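Here the structure is a predicted model, which is why all the values come from computation and not from measurement. Note that these values count all heavy atoms, side chains included, but never hydrogens, waters or copies made by symmetry.
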Amino acid sequence: LTGANWRAGFSNWQAKPDGSTTALASVPAFADQSGQRLYGSYDIAGFRIGLAYDWSNLDDKTSTACAGTTCGKFSKRQAYSIPIQYNTGPHTIYFHYTVAKNDTGTAFQNGGYLNPTNQDSGAKMYALAYAYDLSKRTSVAVTYAQITNDPVAAYNFFTSTSGIGSSDAGITAGEDPKLFSVTIAHYF
């Protein structure tokens with residue numbers, strides 16, 4: 001939905017296994033995955049202020065896959081983000097604050113199942129960026145971001161994975177990664 005100075009939306013994502021009951025190292029293959037997101041923003045006097053709320057689950061739907069254990073929700077996580085953007089001429093400043101709440105499922109994390117009442121699996125992230133448009137198709141930007149993990153959380157920047165970043169950029173639970181970048185973008 002969009003209006004003159006606002007926008008809002010909802011997304012729903014579902015993934016079901018293809019019949020395998022083999023558990024992988026990080027996500028049980030027999031788990032149904034679901035995620036929903038409600039989001040919106042409002043524009044006023046050069047500012048765009050937004051809010052996004054996300055909730056996701058990994059649910060066991062195969063009773064034989066967890067013989068002798070209590071399964072159900074492997075992971076149940078909620079998160080919210082508050083993005084703010086300010087634009088004036090060729091200058092744009094971006095800020096966002098994001099909170100991932102504690103996992104309230106019996107999550108398979110750090111090599112083992114956590115207690116569903118664990119209170120140390122959340123994280124917070126903030127990022128600040130400045131971009132300057134050199135022309136209609138070219139801009140330069142500088143960004144700083146930091147994640148503050150709780151003692152058993154290991155959230156990291158997606159650009160830090162070995163597939164698109166440094167192969168030694170992994171973190172251990174409780175570490176707080178930081179990111180600083182300078183970028184040049186040209187659109188053809």
Heavy-atom closest contact ([X] atom, [Y] atom, distance):
X      : Y      : result
Gly122 : Ala153 : O-CB, 3.3 Å
Ser81  : His96  : OG-ND1, 4.0 Å
Ala123 : Asn149 : CB-OD1, 3.5 Å
Arg77  : Lys101 : CG-O, 4.1 Å

Quick one: [atom1] on [X] to [atom2] on [Y], what's the gap to the nearest 0.5 Å?
X      : Y      : atom1 : atom2 : answer
Ile82  : Tyr53  : CD1   : OH    : 12.0 Å
Ile49  : Ile44  : CD1   : CD1   : 7.5 Å
Ser41  : Arg48  : OG    : CZ    : 5.0 Å
Ile147 : Glu175 : CD1   : CD    : 11.5 Å
Leu128 : Ile93  : CG    : CD1   : 7.5 Å
Asn12  : Ser34  : CG    : OG    : 7.5 Å

Quick one: do [X] and [Y] end up in the same hydrophobic cluster if we chain Ile, Leu, Val, Met, Phe, Trp and Tyr together by side-chain heavy atoms under 4.5 Å apart?
X      : Y      : answer
Tyr187 : Tyr94  : no
Val99  : Tyr39  : no
Val142 : Ile184 : yes
Leu179 : Met125 : yes
Phe10  : Trp13  : no

Check: Do side-chain atoms of Asp103 reach the backbone of Lys76 as a donor and acceptor pair under 3.5 angstrom?
Finding: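 Side chain of Asp103 to backbone of Lys76, a donor-acceptor pair under 3.5 Å: yes, one is there.
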Margin query: Between Asn102 and Ser121 (side chain of the first, backbone of the second, donor and acceptor by atom type, cut-off under 3.5 Å), is there such a pair?
Written below: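 Present.
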Notebook entry, point to check: Taking NZ, NE, NH1 and NH2 as the nitrogens, is one of them in Arg7 or Asp43 under 4.0 Å from a carboxylate oxygen of the other?
Noted result: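 Salt bridge present between Arg7 and Asp43.
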Notebook entry, point to check: side-chain contact (heavy atoms from CB on, under 4.5 Å) with Ser11: which residues, sequence neighbours excluded?
Noted result: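 For Ser11 the side-chain contact (heavy atoms from CB on, under 4.5 Å) partners, ignoring immediate neighbours, are Arg37.
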Notebook entry, point to check: Would a line drawn from the ring center of Tyr97 to the ring center of Tyr126 be shorter than 6.0 Å?
Noted result: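 When the ring centroids of Tyr97 and Tyr126 are compared, they turn out to be at least 6.0 Å apart.
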Notebook entry, point to check: Centroid-to-centroid, His186 to Phe188, below 6.0 Å?
Noted result: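 Yes; Phe188 has its ring centre under 6.0 Å from that of His186.
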Regarding [X] and [Y], do their side chains bring together a donor and an acceptor under 3.5 Å, going by distance alone?
X     : Y      : value
Gln78 : Tyr80  : no
His91 : Tyr130 : yes
Gln85 : Asn87  : no
Trp55 : Gln36  : yes

Would you check if [X] and [Y] make a side-chain contact, meaning some heavy-atom pair closer than 4.5 Å?
X     : Y     : answer
Trp6  : Leu1  : yes
Leu51 : Leu38 : no
Tyr86 : Ile84 : no

